[in-house]
Amino acid sequence: MKKWKVVSTAVTFGKINKEPVKRLEEFGCEVVLNPFGRPFTNEEIIRYASDADALIVGNDKVPGDVIKKCKKLKIIAKHGVGVDSIDVKTANQLGIVVTNAPGTNSEEVADLAFGLLHMLARGLYQANTDTKNGKWIKPVGISLSKKTIGIIGVGTIGTAVAKRATGYDMNILGYDIKKNPLALELGVKYVGLDELLSEADFISLHLPLTNDTLNILNADKFKLIKKGAIMINTARSQLIDNEALYNSLIDGTLKGYATDVYDFEPPMHLPLFDLPNVILTPHIGGTTVESNKRMGNTAVDNVIAVLKGETPPNIVLVD
Ligand SMILES: NC(=O)C1=CN([C@@H]2O[C@H](COP(=O)(O)OP(=O)(O)OC[C@H]3O[C@@H](n4cnc5c(N)ncnc54)[C@H](O)[C@@H]3O)[C@@H](O)[C@H]2O)C=CC1
Ligand SMILES: O=C(O)C(=O)COP(=O)(O)O
């Protein structure tokens, strides 16, 4: 009989790299991995975790009423960074610690953001499809070099994006509530959101989803966007007003939009999906072989610390 039960709803935890699971087992835990290959429903979380001591989560929605039904829970450890899908306040009120894995996937998200920017700027998706189908059609894209990029949220990922932008001799604008010393060193010029939107050729979103950032790019903000800009969203879809986004792609305000994130995951088919100037990826920004190991081990560091009765390294608190 194992001393503790750990349930992981995170789709990739323990699947790509086994080391984090082995560490938990060696510590005396029974580990249950996600059998579905998709986020858990609320009912599934309750069914699997009502007797669990620790829950490792991906982008699953973990509301307060679900947390309340998991009576033995001591920790909810995010296998990643954003904790917007977890009711942290209720967890904290119940004495359950919430942790995340900061900085474990930032370079990877920045890589994806730049990859998506390349795809849209040069029409790579269509070019690939056409060439494979025997059509010799050369899209004439736009250059990345020396353009202005606007980074909304200059934290760990935003700064990693800025680092890449320096390699393209870009003029880098940043919007954030605080200034990041590394970003300043990289030459990021902090401006207001309105100025960023009206100046940037490329807009990349890297804010966490909070009450303050929900719908931060609303219809009024879309009116300020420079005509022909490209927008990349590897942060959270709820930062953007869906209708304003769709209209901006139809009327040419945005030349292109790429997203890795959706209001609900997996998403239902949205009108946006039918537009040729939209590129979609299935929330893969943070996940590579290497980052998976980092995210898994950090989640496990936090779980083991809590099970030992110690303070975990990456506690997330809300006011
Ligand atoms: N697509 C994917 O797979 C991934 C997506 N993400 C998303 O990216 C987000 C950012 O990640 P990190 O850069 O690691 O987080 P971070 O905490 O290092 O950076 C977030 C930045 O946003 C700023 N910020 C917070 N509230 C703000 C507000 N109201 N107005 C202006 N600035 C504000 C903070 O000051 C900070 O500089 C995560 O919260 C998550 O939602 C993270 C990892 C993977
Ligand atoms: O680290 C993050 O915040 C992420 O978005 C990672 O993706 P996930 O939540 O594991 O689907």
Side-chain angles (χ1 to χ4, degrees), residues 8-16 34 37-40 56-62 76-86 88 98-116 150-163 173-184 188 190-194 196 204-217 221 232-240 258-267 280-288 291-292 294-296 298-299 314 316-319:
S8 167
T9 65
V11 172
T12 57
F13 177 80
K15 306 282 176 64
I16 300 169
N34 180 326
R38 54 154 175 80
F40 275 41
I56 296 174
V57 297
N59 215 28
D60 320 75
K61 304 233 181 291
V62 192
I76 301 172
K78 166 75 190 201
H79 184 253
V81 178
V83 292
D84 47 279
S85 55
I86 306 168
V88 181
V98 177
T99 62
N100 70 348
T104 52
N105 56 19
S106 35
E107 300 295 331
E108 289 72 15
V109 179
D111 285 343
L112 182 73
F114 255 86
L116 293 170
I151 301 172
I152 303 182
V154 195
T156 319
I157 298 171
T159 304
V161 168
K163 192 167 65 181
L173 304 180
Y175 170 71
D176 203 295
I177 40 174
K178 55 183 189 219
K179 289 188 180 161
N180 180 318
L182 181 56
L184 286 168
V188 174
Y190 284 90
V191 294
L193 185 55
D194 293 2
L196 182 149
S204 199
L205 288 164
H206 302 290
L207 289 171
L209 175 62
T210 66
N211 290 336
D212 293 334
T213 64
L214 177 71
N215 217 25
I216 191 166
L217 292 191
K221 295 294 178 202
I232 310 294
N233 189 358
T234 55
R236 289 292 182 265
S237 72
Q238 296 91 335
L239 300 172
I240 298 181
T259 188
D260 189 42
V261 286
Y262 308 87
D263 288 356
F264 299 97
E265 296 181 1
L280 310 172
T281 49
H283 206 144
I284 53 170
T287 307
T288 64
S291 65
N292 181 261
R294 276 181 243 127
M295 290 193 286
T298 302
N314 308 112
V316 175
L317 294 170
V318 284
D319 307 329

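Counting starts at 1 for both ligands and their atoms, in listed order. All values derive from a computational prediction rather than experimental measurement. Any value given below was found using the heavy atoms of this structure, including those in side chains, with hydrogens, waters and symmetry copies removed. Residue numbers start at 1 and run along the sequence shown.
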Original post:
Any non-hydrogen atom of Arg236 lying under 4.0 Å from ligand 2?
Top reply: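 Yes.
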
Original post:
Backbone or side chain, does any N or O of Asp260 fall under 3.5 Å from an N or O of ligand 1?
Top reply: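 By distance alone, the answer is yes.
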
**OP:** Compute the shortest N/O to N/O distance between Gly286 and ligand 1 and return yes if it is under 3.5 Å, no if not.
**Re:** yes

Original post:
To the nearest 0.1 Å, how far is atom 42 (C) of ligand 1 from its closest protein heavy atom, and which atom is that?
Top reply: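 Answer for atom 42 (C) of ligand 1: Ile157 CD1, 3.5 Å.
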
Original post:
Looking at atom 19 (O) of ligand 1, what's its closest protein heavy atom, distance included?
Top reply: Gly155 CA, 3.3 Å

Out of all atoms in ligand 2, which are within 4.0 Å of some heavy atom of [X]? Include the element for each.
X	value
Val81	1 (O), 2 (C), 3 (O)
Gly80	1 (O)
Asn105	1 (O)
His79	10 (O)

Original post:
Any idea which part of Asn105 is under 4.0 Å from ligand 1, heavy-atom wise: side chain, backbone, both or neither?
Top reply: side chain

Subject >> Sub-4.0 Å protein heavy atom next to atom 24 (N) of ligand 1 >> reply: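 For atom 24 (N) of ligand 1 the answer is yes, since some protein heavy atom falls inside 4.0 Å.
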
**OP:** Run down the list Lys179, Lys78, Lys178, Arg236 and name the one with the heavy atom closest to atom 6 (N) of ligand 1.
**Re:**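 Closest candidate by heavy-atom distance is Arg236.
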
Subject >> The one among His283, Glu108, Lys78, Glu265 that brings a heavy atom closest to atom 7 (O) of ligand 2 >> reply: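 That would be His283.
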
Original post:
Does ligand 1 have any atom that is closer than 4.0 Å to a heavy atom of Asp176?
Top reply: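 In this structure, Asp176 qualifies as a contact of ligand 1 - some heavy atom is under 4.0 Å.
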
**OP:** Report the part of Val11 in contact with ligand 2, treating N, CA, C, O as backbone and CB onward as side chain, heavy atoms under 4.0 Å; options are side chain, backbone, both, neither.
**Re:** neither

Subject >> Thr234-Asp260 side chain donor-acceptor pair, cut-off 3.5 Å >> reply: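 No, Asp260 and Thr234 have no side-chain donor paired with an acceptor closer than 3.5 Å.
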
**OP:** Find the distance between NZ (Lys78) and OG (Ser85) and round it off to the nearest 0.5 Å.
**Re:** 5.0 Å

Original post:
Could you state the interatomic distance from CG (Leu193) to CG (Leu173), rounded to the nearest 0.5 Å?
Top reply: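 Separation between the atoms: 11.0 Å.
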
